[in-house]
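The next block holds one structure in the form of structure tokens; read it before the comments.
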Protein chains: 2
Amino acid sequence: MAVSTGRPERRQEPLSRERIVTAACELLDTVGAGGLTFRALAERLATGPGAIYWHVTGKAELLTAAAEAVLAEAVAAEDGGATPQEAVRALALGVFDAIDAHPWLGAQLAGSPGESPMLRLFERIGRQVRALAVPEPAQFTAASALLNYILGVAGQNAANARTAAASATGRGEFLDAAATAWSRLDPQEYPFTRTMAGRLRTHDDREEFLAGIDLILAGITAGR
Amino acid sequence: MAVSTGRPERRQEPLSRERIVTAACELLDTVGAGGLTFRALAERLATGPGAIYWHVTGKAELLTAAAEAVLAEAVAAEDGGATPQEAVRALALGVFDAIDAHPWLGAQLAGSPGESPMLRLFERIGRQVRALAVPEPAQFTAASALLNYILGVAGQNAANARTAAASATGRGEFLDAAATAWSRLDPQEYPFTRTMAGRLRTHDDREEFLAGIDLILAGITAGR
DNA sequence: CAAGGCATGGAACGGCGTTCCAGGCTGGAG
DNA sequence: CTCCAGCCTGGAACGCCGTTCCATGCCTTG
């Protein structure tokens with residue numbers, strides 16, 4: 001450290017759980033999911049690892065708290081006077097965009113128990129399902145299906161982002177390489193996948209995600 | 001537990017990629033996802049970590065290979081003369097049961113890129129989507145939606161299994177505790193989730209999963 | 001002003017994935 | 001037969017991780 005010539009620097013703002021979680025989010029956004037380290041976090045906060053443990057029980061809680069902070073923001077928007085379908089789409093898009101902006105969130109949500117961060121999401125989805133006049137016994141199924149679909153896309157997006165980042169190429173080149181691989185598959189063994197190569201290359205993740213939501217919504221309201 | 005550390009059986013049999021992957025699967029099934037260690041694997045194979053690296057590039061490849069081995073078996077069954085709907089249900093159930101038998105598989109699939117193990121699954125699903133007479137532009141969307149839903153459930157199941165195992169309680173007690181927590185939520189903030197507590201306690205994971213598949217299938221065929 | 005506890009941060013521990021390298025083993029050439 | 005060059009082995013070592021421990025400050029309270 002710097003030689004202390006004179007009065008010690010003005011003490012920084014004291015450590016707090018909130019400051020730690022904020023720094024963790026910044027680190028996650030900057031360096032990626034694997035870059036969140038107690039040592040790196042301590043350095044960024046100009047402290048040691050031990051001090052962090054005074055405010056946070058461990059890495060799992062840190063990740064959960066970071067996910068909750070980001071997800072809460074994404075789900076905060078009120079569902080105006082729109083139709084339930086539109087409200088679900090808006091909700092899902094909010095989550096999608098949050099994951100797009102913070103790729104680590106996808107992996108965190110896909111692999112976290114149904115505890116803290118996702119309860120709110122489930123609740124918000126469930127209210128719209130109820131507003132769709134789904135009979136009571138099917139509400140749980142419908143809300144769960146929507147949530148599970150969203151989490152599945154979350155995990156895949158996170159995995160893709162990780163792969164693209166690891167190969168140091170942009171998303172475009174990564175998709176292009178995958179599509180080329182698909183188009184060269186054995187026509188006998190992969191007749192369907194092969195013909196989807198073009199669509200894989202040109203598709204829009206966001207639109208495909210929304211189309212899937214619409215598919216499930218259509219299934220929910222189909223029987224009536 | 002029984003002390004089963006490295007029996008010095010036929011030492012003649014040479015190390016091979018297949019033997020390593022098999023041992024990795026056994027270790028994953030026995031000790032869980034976090035228990036797969038190059039040191040533990042080396043001990044089980046009566047060798048050192050360095051020898052393993054001669055046949056396998058790293059842990060990621062090991063996990064992918066293990067997942068592929070288990071998933072290939074689950075997806076191997078031929079789809080007989082059933083309807084496309086029934087074929088998709090059978091396919092999905094095969095994956096579900098494989099994850100149920102090998103909980104580590106859920107986390108692995110949910111977080112792996114669309115590469116090796118899941119291409120076959122996508123292909124099989126896609127063929128049935130095509131058999132449903134879905135117009136070409138929508139086939140990619142429909143197959144992706146089904147796959148993403150399956151992967152979402154996979155991730156959640158894996159996370160739940162991990163939580164239940166960590167708390168050293170059975171699935172029943174774990175569910176019961178969660179349901180009780182749901183029933184005690186603030187009625188103002190969680191009106192929907194609260195009323196679903198009973199269903200959470202009594203529901204059948206397998207049936208809920210299938211019901212979600214049926215929802216998506218209904219959405220796929222709804223417009224006609 | 002003295003005292004005590006909240007908060008701090010550096011050092012250390014055990015374990016991980018991975019790398020390195022000194023050796024056995026084997027099969028073909030001389 | 002000998003010899004040697006490669007494949008394969010496996011133990012030791014490296015660097016990093018999450019986590020724990022603890023001596024030490026600071027700041028409030030009496």
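Lettering of chains follows the sequences in order, A, B, ..., and the numbering in each one begins at 1.
Of the residues in residues 55-70 of chain A, those placing a heavy atom less than 4.0 Å from an atom of DNA chain C are A:H55, in numerical order.
Nearest-nucleotide positions on DNA chain D for A:T37 and A:G50 put A:T37 closer to the 5' end.
A:T37 contributes no side-chain N or O that, together with a main-chain N or O of A:A40, makes up a donor-acceptor pair within less than 3.5 Å. When atom types are taken as modelled, the side chain of B:D176 and the backbone of B:G172 share no donor-acceptor pair closer than 3.5 angstrom. Without hydrogens or angle criteria, A:R124 side chain to A:V75 main chain gives a donor-acceptor distance under 3.5 Å. For the pair A:R206 (side chain) and A:F96 (backbone), a donor-acceptor distance under 3.5 Å is absent.
Annotation for A:T47 and A:A51: closest pair OG1-CB, 3.2 Å, computed over non-hydrogen atoms.
Listed nucleotides: D:dC17, D:dG11, D:dT19. Nearest to the side chain of A:P49: D:dT19. Listed nucleotides C:dC16, D:dT9, D:dG18 differ in distance to B:A51; the shortest reach to its side chain belongs to D:dT9.
Atom pair B:I52:CD1 and D:dG11:C1' shows a separation of 13 Å (rounding to whole Å applied). Taking atom OH of A:Y53 as the reference point, atom P of D:dG18 lies 7 Å away to the nearest angstrom. If you measure from atom CG of B:L15 to atom P of D:dC7, you get 17 Å, rounded to the nearest angstrom. The separation between A:F38 atom CZ and C:dA11 atom C1' is 17 Å, rounded to whole Å. A:L45 places its CG atom 13 Å from the P atom of C:dG10, with the value rounded to the nearest Å.
Side-chain atoms of B:R39 and base atoms of C:dG17 include a donor and an acceptor less than 3.5 Å apart.
A salt bridge links B:E189 with A:R120; the closest basic N to acidic carboxylate O contact falls under 4.0 Å.
Phosphate contact (OP1/OP2 of C:dT8, side-chain N/O of A:W54, threshold under 4.0 Å): absent. Between B:T47 and the phosphate of D:dT9, there is no side-chain N or O to OP1/OP2 separation shorter than 4.0 Å.
B:F122 and A:Y190 have their aromatic ring centers separated by at least 6.0 angstrom.
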